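Chain A is the first sequence line, chain B the second, and so forth, proteins listed ahead of strands; every chain is numbered from 1. All values reported here derive from a predicted model rather than from experimental measurement.
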4 protein chains.
Amino acid sequence: MTQGVEKSLIEQGVLVDPDSARGRLLTQAARLFRQKGYQSTTVRDLASAVGILSGSLFHHYKNKDAILKAVMVEGIHHTMARMRSELAEEHTTQGRLRALIACELDALNGDWGDAMAVVINEWRFLSDGGQQDILALREEYEQMWLEILLQARKERLITASPKVLRKLLYGAITWTDKWFDSTGELSYQELTDAILQLAIKPASDP
Amino acid sequence: MTQGVEKSLIEQGVLVDPDSARGRLLTQAARLFRQKGYQSTTVRDLASAVGILSGSLFHHYKNKDAILKAVMVEGIHHTMARMRSELAEEHTTQGRLRALIACELDALNGDWGDAMAVVINEWRFLSDGGQQDILALREEYEQMWLEILLQARKERLITASPKVLRKLLYGAITWTDKWFDSTGELSYQELTDAILQLAIKPASDP
Amino acid sequence: MTQGVEKSLIEQGVLVDPDSARGRLLTQAARLFRQKGYQSTTVRDLASAVGILSGSLFHHYKNKDAILKAVMVEGIHHTMARMRSELAEEHTTQGRLRALIACELDALNGDWGDAMAVVINEWRFLSDGGQQDILALREEYEQMWLEILLQARKERLITASPKVLRKLLYGAITWTDKWFDSTGELSYQELTDAILQLAIKPASDP
Amino acid sequence: MTQGVEKSLIEQGVLVDPDSARGRLLTQAARLFRQKGYQSTTVRDLASAVGILSGSLFHHYKNKDAILKAVMVEGIHHTMARMRSELAEEHTTQGRLRALIACELDALNGDWGDAMAVVINEWRFLSDGGQQDILALREEYEQMWLEILLQARKERLITASPKVLRKLLYGAITWTDKWFDSTGELSYQELTDAILQLAIKPASDP
DNA sequence: GATGAATGAGTTTTCATTCAT
DNA sequence: AATGAATGAAAACTCATTCAT
C-alpha cells in the first residue's frame with residue numbers, strides 16, 4: 001500500500017523515481033551531503049558521483065539549493081510513509097510509541113537514512129524559501145509524534161509534557177546518527193528499548 | 001578557585017585573556033560561528049567584527065582553522081572548570097548528576113555558550129589535526145560524566161548502560177540549543193528536571 | 001506589387017513565410033532581440049517563445065548567429081520593399097525626402113519594426129561573416145537615401161553634404177526608437193515634419 | 001577651476017583619482033566596454049588590461065555592474081564639468097548652443113570619450129539600481145541643454161520644440177561615434193557647424 | 001600590529017550546441 | 001521535426017591567505 005502511495009506521488013511529480021537520472025542524482029546527493037556536509041560537497045562532486053559533468057546538473061535542478069530541497073522532500077516523504085504503515089500495525093499506545101522511536105532510528109539507518117540525516121543536519125543551509133516550503137511537511141510529521149505522546153500522557157505512560165519530551169527524544173534519537181553502529185555490541189532492538197525507557201515510567205511495582 | 005585556575009591557564013598560554021585583542025576575536029568568532037556556521041563565516045566577517053581588516057587576523061592566528069580550534073579549547077576549558085566547581089558542592093549522586101545536566105545546559109546558554117555550541121555543531125569542520133589535539137580534552141570531560149553515571153548505576157538510580165545513557169543525554173541536551181528559550185514558558189529549572197527524569201527512575205513509592 | 005516581390009523572394013528562399021515555423025521563430029526572435037538584446041536572449045528564450053525546446057531550434061537554423069542574420073535580412077528586405085513602393089508615389093524631391101524619413105521612422109514602429117531595430121542596435125553582435133553578407137543589402141538601402149539627398153542638394157533644398165546629412169539624420173531617426181511613443185503628445189506626422197525641418201531650409205519667404 | 005572641482009570630488013569619493021589603481025581600472029574598463037561592449041568584456045579582460053588577476057578586481061568593486069556604474073559616473077561628471085566651463089565663456093545663445101554641441105561631440109572623442117560612449121551605448125546593461133542612481137546626474141545634464149534650447153526658441157533661433165529637438169540632436173550627435181573620424185576629410189569644426197545647422201534656421205536673407 | 005592590494009585556486013552557474021531516440 | 005539529456009567551455013564571483021609597506 002505504501003508502495004502504491006509512493007508510486008502515485010512519483011506520478012504527481014512530488015517524489016522522484018529512484019531509477020531515473022534525477023533519482024540517482026538525489027541518492028548520491030543525499031549520501032554526499034551526509035558524508036561531507038552540504039557546503040563541502042561541490043556540484044562537481046555531485047556530478048561526478050552520477051557520472052556526468054557539473055553543468056549537466058542544472059538540466060535537472062535549477063541550482064544546488066534545489067537539490068538539497070529535493071533530497072529533504074524525498075527523505076521526509078519516505079520516512080512518513082514508513083511511519084504510517086508501521087503505526088497501522090500497532091494497537092497499544094506503548095507499542096505505537098515504540099514504533100515511532102524505531103521508525104525514527106530506522107529513518108537514519110535505512111534506505112532513506114542519508115536523506116533524513118540531511119534533513120536534520122543540513123537544515124540551516126537550505127534557503128529560506130526552501131525551508132518555508134518544507135516546514136509544512138515537517139510539522140505534519142511532528143504532529144504524528146505529538147498525538148501519540150498526548151495519548152501516552154493520558155494513559156500515564158509518560159509524565160513529562162509531550163512537547164518537551166518530543167524535543168528531548170528528538171535530540172537523543174537524531175544524535176544516534178553520530179555514534180550508533182548497528183553492527184556493534186548494542187543491538188538496534190536494545191537501543192530502541194533504551195530510548196523507550198527514557199520516555200516512559202516503568203510499570204509501577206506493586 | 002576556578003578563577004585562579006583560569007588565570008593560571010591564561011599565563012600558561014592555554015587560555016586567552018578575554019580582554020586582549022585575541023580574546024575579543026575569540027568571543028566574536030564564537031558568536032559568528034554559532035550564528036552563521038564556521039563555513040559561512042568569512043575571515044572578513046571575523047575581522048570586521050573586531051574592527052580590523054582581514055589580513056590582520058593572521059597576526060593573531062595562523063589560519064581560520066586555528067581560530068576554530070582556539071574557540072573550542074576555550075569553550076571546553078571553561079565548561080569543565082565550571083563543572084568541576086559545581087560538582088564540588090554536591091555530595092549525593094543524584095545531586096551530582098543533576099549538576100552535570102545543569103552545567104551542560106548552562107554551557108550552551110552562559111557566557112561561553114557560543115563557544116560550546118561551536119564545539120558541538122562545528123566539530124566536523126575542525127581539521128584532523130585540530131580534532132586530535134582537542135580530543136583528549138573532550139575525553140576528560142566525558143570521563144566526568146561516566147564516573148558519575150557509573151556510580152548512579154551502582155546505586156540503582158539508573159538502569160541503562162552509562163555509556164549509552166550518556167550518549168542519549170548528550171543528544172537530548174545539546175539539541176536544546178536549537179529550541180530552548182530561557183525566556184519562554186519552560187524555565188531553566190524545569191528543563192533540567194525534565195532531563196533528569198529521562199535518566200533516573202523515580203524513587204519507588206513505598 | 002510589393003506583395004508580389006515578397007512572395008517571389010520567399011519562393012527564392014531569401015525571405016521566410018511568416019506563417020511557417022521558421023517565420024514564427026523569426027518574429028519572436030526579432031521581438032526578443034529588440035526587447036532584451038541579442039546577447040541577453042538565450043536560445044531557450046527563443047525556443048520557448050515558439051513553444052519548442054531549445055535543441056529543436058537547430059533544425060531550423062544552424063546556430064544563434066544565423067537566427068540574428070535572418071532577422072536582419074527580413075528587416076532590411078521588408079523596409080526596402082516598403083520604401084520603394086512609397087517613393088513610387090511621390091514625385092517631388094521634398095515629397096520623396098519626406099517619404100524616406102517617414103518610412104525609416106515607420107520601419108521601427110510597423111510590423112517589421114522589431115527586426116529593423118535589431119538591425120540597428122544589434123549589428124555589432126552579428127558575426128563578421130554575417131555582417132559581410134548583409135552589408136550589400138544595407139548599402140543598396142543607403143544608396144536610395146543618397147540619391148535623393150543628392151537631388152535635394154541640386155535643388156538647393158538642403159545645404160549640407162548628402163553623406164554627412166544622411167549620417168546625422170540616421171542617428172536622429174534611429175534614436176527615436178528609444179524615446180518616441182506614437183501614442184503620446186507628439187504625433188507621428190509631427191515627428192516626421194520635425195525631422196524634415198532638420199534637413200531642409202524653409203522655403204525662403206519672398 | 002574645473003580642476004579644483006574635480007579634485008574636491010575625488011576627495012569626496014565621488015570621482016576616482018585617475019592615477020590610482022581604481023582609476024587605471026576605470027580607464028581600461030571604459031575603453032574595453034566601448035570597444036567590445038559590456039557583455040562581451042569579461043572580468044578577465046578587465047583584469048588583464050590593468051595587469052592583475054580577475055579575482056583582484058573584486059577588491060576594488062563589488063561586481064562587474066559596479067564597474068560599469070563607476071565608469072558612467074566618471075563619464076558624466078567629467079563631461080558636465082567641461083560643459084560648464086565652456087558655457088561660461090560663451091555669451092550669445094547661438095554661441096552657447098554651439099558650445100553644447102561641440103562639448104557633446106568632444107565628450108565622445110576626448111579623454112573621457114570612452115566613458116561617455118559607454119554611458120550612451122551600454123546604458124541598458126546597467127542594473128536597475130545603478131540606472132536609478134545615475135539618472136539624477138543625467139537629468140541634470142539634460143537640463144543644461146533644455147535651458148539653452150528654451151532660450152534659443154525665445155530668440156527664434158530655433159523653431160522646433162526644445163524637447164523634441166534635443167532628442168533629435170542627441171541621436172544625431174551620439175551616432176557620430178559610429179562614423180566620424182576626426183582624422184578624415186570632415187573636420188571637427190565642420191561637423192559641429194553641420195549639426196548646428198540642423199538645429200537653427202539660417203539668418204533670414206534680407 | 002595593522003593595512004590593503006593582490007593572489008590563485010576554487011565555487012556555482014550559464015548556455016550554445018550536439019546527438020541518440 | 002522534435003525531444004531532452006548531456007556536453008564543455010567559459011562566465012562571474014568568493015575567499016583564505018600572503019606580503020610589502
Asker: Examine distances only and state if a side-chain atom of D:Q28 and a backbone atom of D:L46 form a donor-acceptor pair shorter than 3.5 Å.
Answerer: no
Asker: Only pairs with both distances under 3.5 Å count, Watson-Crick or wobble alike; so what is the partner of F:dA10 in this structure?
Answerer: E:dT13
Asker: Return no unless some side-chain N or O of D:H60 is found under 4.0 Å from OP1 or OP2 of E:dA6.
Answerer: yes
Asker: Between A:S56 and F:dA5, is there a side-chain N or O to OP1/OP2 distance below 4.0 Å?
Answerer: no
Asker: How many Å lie between OH on A:Y38 and P on E:dT12, as a whole number?
Answerer: 8 Å
Asker: Just to confirm, is there a sub-4.0 Å distance from OP1 or OP2 of E:dA2 to any side-chain nitrogen or oxygen of B:H59?
Answerer: no
Asker: Nearest whole Å is fine: how far is F:dT17 P from B:Y61 OH?
Answerer: 15 Å
Asker: Side chain of D:S54 only, please: which of E:dT13, F:dC13, E:dT17 is the nearest?
Answerer: F:dC13
Asker: Between D:K62 and A:R24, which residue's closest nucleotide on DNA chain F lies nearer the 5′ terminus?
Answerer: A:R24
Asker: Taking the six-membered ring of A:Y38, is the NZ or CZ of A:K64 close enough (under 6.0 Å from the centre) and on axis enough (within 45°)?
Answerer: yes
Asker: Provide the distance between the two P atoms, one in E:dG1 and one in F:dT21, to the nearest whole Å.
Answerer: 22 Å
Asker: Which part of the nucleic acid does B:T42 contact within heavy-atom distance under 4.0 Å: base, sugar-phosphate only, or nothing?
Answerer: sugar-phosphate
Asker: Considering every strand shown, what is the Watson-Crick or G-U wobble mate of F:dG4 when both distances are under 3.5 Å?
Answerer: E:dC19
Asker: So, the side chain of B:H78 versus the backbone of B:E74: is there a donor-acceptor pair under 3.5 Å, distance only?
Answerer: yes
Asker: Mind checking if A:T41 touches a base, just sugar-phosphate, or nothing, with heavy atoms under 4.0 Å?
Answerer: sugar-phosphate
Asker: Using heavy-atom distances to pick each residue's nearest nucleotide on DNA chain E, tell me which of A:S40 and D:A21 is more 5'.
Answerer: D:A21
Asker: Separation of B:F58 atom CZ from E:dT3 atom P, in whole Å?
Answerer: 14 Å
Asker: Could you tell me the separation between the CG atom of B:L46 and the P atom of F:dA16, rounded to a whole number of Å?
Answerer: 8 Å
Asker: Using whole Å, what does the distance between atom P of nucleotide E:dA6 and atom CG of B:L53 come to?
Answerer: 15 Å
Asker: Take the protein atom CD1 of C:I52 and the nucleotide atom C1' of F:dA1, then report the distance between them rounded to whole Å.
Answerer: 9 Å
Asker: Assess whether atom CG of A:D111 is packed by more than 12 heavy atoms of other residues, nucleotides or ligands within 6.0 Å.
Answerer: no
Asker: F:dA6 C1' sits how many Å from C:R44 CZ, rounded?
Answerer: 11 Å
Asker: Could you tell me how far apart D:K64 (NZ) and F:dC13 (P) are, to the nearest whole angstrom?
Answerer: 8 Å
Asker: So, does C:R24 use its side chain to make a donor-acceptor pair with the main chain of C:V50 at under 3.5 Å?
Answerer: no
Asker: Could you pick out which residue, C:G55 or D:L57, lies toward the 5' side of DNA chain E when each is mapped onto its nearest nucleotide?
Answerer: D:L57
